[in-house]
Protein chains: 2
Amino acid sequence: MKNILIVDDDAELRANLSEILTGKGYRTEEASSGKEAVERAAAQEFDIVLLDLMMPKMSGMDVLSELRKIKPKTKIIMITAFATVDNAVEAIKKGASDYISKPFKIDELLITIRRALEESRFEEGIKRLDMDYTLSSLSNSIRRKIIKLLSMKDGMHLMEIVRELAIDDHTKVVFHLKILKESGIIEQDKEKSYFLTKEGKKTLDCLNILESYLSK
Amino acid sequence: MKNILIVDDDAELRANLSEILTGKGYRTEEASSGKEAVERAAAQEFDIVLLDLMMPKMSGMDVLSELRKIKPKTKIIMITAFATVDNAVEAIKKGASDYISKPFKIDELLITIRRALEESRFEEGIKRLDMDYTLSSLSNSIRRKIIKLLSMKDGMHLMEIVRELAIDDHTKVVFHLKILKESGIIEQDKEKSYFLTKEGKKTLDCLNILESYLSK
DNA sequence: TCTTTCTGTGAAATTTTCTTCACAAGGAAT
DNA sequence: ATTCCTTGTGAAGAAAATTTCACAGAAAGA
């Protein structure tokens, strides 16, 4: 049973949505203001928050920021009567999962909700293990350099990498390549050249995210 | 001197933009198709790519994905004649820096470009050092747990943390707290309670990003 | 063929990280 | 005052990560 918080100042719309979603097997709660939404979300776990952008006092955008801060795992779907590209852009940048505009077909909303839940299902479960592998690979700067190198030039040979890194002892590089291979970040083909696996590319993305994020 | 790649199938628009931007002190290049854009971007570093969404053959959205993959640092501004919220949402989700719609005022574009450059200036320079600290802090799972704990409950005392983590030797926790303190992720107030610094909150965000990212 | 380069292994040495333990000052509670 | 809990410090040891070195087979070039 998934918990959905409906945030809108229009009581009728809340009631409608609530009824429909309850009928579809979701558990719903309502909040009529941004402040109330934040309080409820802080007190209780929601899987999804349906958030109206236009509300008196605390704007939906502020609520979005606040919710993201206190509950980063909760998926937020922005809803608005006056959809503008700018608002949509801002909302997604701030971490909303999706953005739909009134009037919406109920099917459209249901699909959007399912999609968001799918996302969180993934994020939730499966692999907390990967985390350890990935982070311990990333914790070494030589390995980070190797990943970057391979992202720029797929299929490098050992000595190419060694020279590029300007490390004199090639076995040192072999050591790190082995670790990267064991964590599934890189692979080798028959010609012995190294390249990033799918996992490796994800890892690279992570690195980039981290870098850009840390310097903001 | 900043390099801008203008990607649009409309030659006249390209020429116009190019002239204006050159006049403003940017160096520009043009590409008339998605394919050409990707090739050029692969061959040369651009700071900004102005990318038309609607193009024959390879759609702007595909080009966006491709560019993000090969040049994650390049900022991409999507431009489109038929702005829709959906497109904007998709573009930003896929990593575009911004999204503007034709017809746009040239000032608007210039501001958008400056904003994007500002972003990359930040991401570029400043701190590659933080990276090492942060990643080595994150590489240990006890420390990750501490960060998560503190994110849920600011201002915990030593023994609170110790009990929450179910670790019997408190000095072990002290050890990790010290490391976190030294890397500037946490601090203590006069009452000895620990809390996340601003840096620490960023680090937490990183962790969340990584987690959600790794399980996709 | 002979030499050189590339790709690696395995063991030992070193460094770094983490854990454990002995101890102690300060405050609160009895 | 005595006892208990909290918050540490510092040294020592254990474990893990990294580096260095000696060596070797396979492939490539001369």
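So that the names make sense, note that chain A is the first sequence line, chain B the second, and so on, each numbered from 1.
- Of the side-chain N and O atoms in A:Tyr194, none sit less than 4.0 angstrom from OP1 or OP2 of C:dC6.
- At least one side-chain heavy atom of A:Glu30 sits less than 4.5 Å from a side-chain heavy atom of A:Ser18.
- Checked against C:dT7, D:dG8, C:dC6, the side chain of A:Lys192 finds its nearest nucleotide in C:dT7.
- Taking side-chain N and O atoms only, A:Arg163 has a distance below 4.0 Å to OP1 or OP2 of C:dC6.
- No hydrogens or angles considered: a donor-acceptor pair under 3.5 Å links the side chains of B:Ser183 and B:Ser137.
- Whole-Å rounding puts the B:Asp169 CG to C:dA22 P distance at 11 Å.
- In this structure, A:Ala116 and A:Ile48 approach most closely via the heavy-atom pair CB-CD1, 3.5 Å.
- For the pair A:Glu191 CD and C:dG8 P, the interatomic distance rounds to 13 Å; values are reported in whole Å.
- Neither OP1 nor OP2 of D:dA17 sits under 4.0 Å from any side-chain N or O of A:Asn140.
- Within 4.0 Å (heavy atoms only), B:Thr171 reaches at least one base atom of the nucleic acid.
- Proximity of a side-chain donor or acceptor of A:Ser193 to a complementary backbone N or O of A:Asp189 within less than 3.5 Å is not detected.
- Closest contact between the side chain of B:Ile142 and the listed nucleotides C:dT19, C:dG8, D:dT19 involves C:dT19.
- Side-chain nitrogen and oxygen atoms of A:Lys172 include at least one within less than 4.0 Å of the OP1 or OP2 phosphate oxygen of D:dT19.
- Residue B:Gln188 is classed as a sugar-phosphate contact, given heavy-atom separations below 4.0 Å to backbone atoms only.
- In this model, no donor atom of one side chain and acceptor atom of the other lie less than 3.5 Å apart for A:Ser139 and B:Ser136.
- In terms of heavy atoms, A:Glu191 sits closest to A:His157 at O-CE1, 3.2 Å.
- Taking atom CE on A:Met159 and atom P on C:dC6, their separation rounds to 5 Å, with Å as the unit.
- Put simply, the side chain of A:Ile113 reaches to within 4.5 Å of the side chain of A:Tyr26, judged on heavy atoms.
- Listed nucleotides C:dT7, D:dT7, D:dT20 differ in distance to A:His170; the shortest reach to its side chain belongs to C:dT7.
- Put simply, the side chain of A:Val49 does not reach to within 4.5 Å of the side chain of A:Ile77, judged on heavy atoms.
- Remark: B:Lys178 in residues 176-183 of chain B come within less than 4.0 Å of DNA chain D through at least one heavy atom.
- The distance from atom CD of A:Glu90 to atom CG of A:Leu53, rounded to the nearest 0.5 Å, is 8.0 Å.
- Nucleotide D:dT19 holds its C1' atom 13 Å from the CZ atom of A:Arg143, rounded to whole Å.
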Practice problem: Take nucleotides 25-30 of chain D nucleotide by nucleotide from the 5' end and write B, S or -, depending on whether a protein heavy atom sits under 4.0 Å from the base, only from the sugar-phosphate, or from neither. | Solution: ------

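- Protein atom CD of A:Glu160 is 17 Å distant from nucleotide atom P of C:dT5, rounded to whole Å.
- Between the C1' atom of C:dT20 and the CG atom of B:Asp168 lies a distance of 10 Å, rounded to the nearest Å.
- Between B:Ile167 atom CD1 and D:dT6 atom P the separation is 16 Å, expressed in whole Å.
- Applying the 4.0 Å criterion to OP1 and OP2 of C:dT7, one finds that A:His157 has a side-chain N or O inside that range.
- Contact check for B:Ile76 versus B:Met78: side-chain heavy atoms found under the 4.5 Å cut-off.
- With rounding to whole Å, B:Ile161 atom CD1 is found 14 Å from D:dG8 atom C1'.
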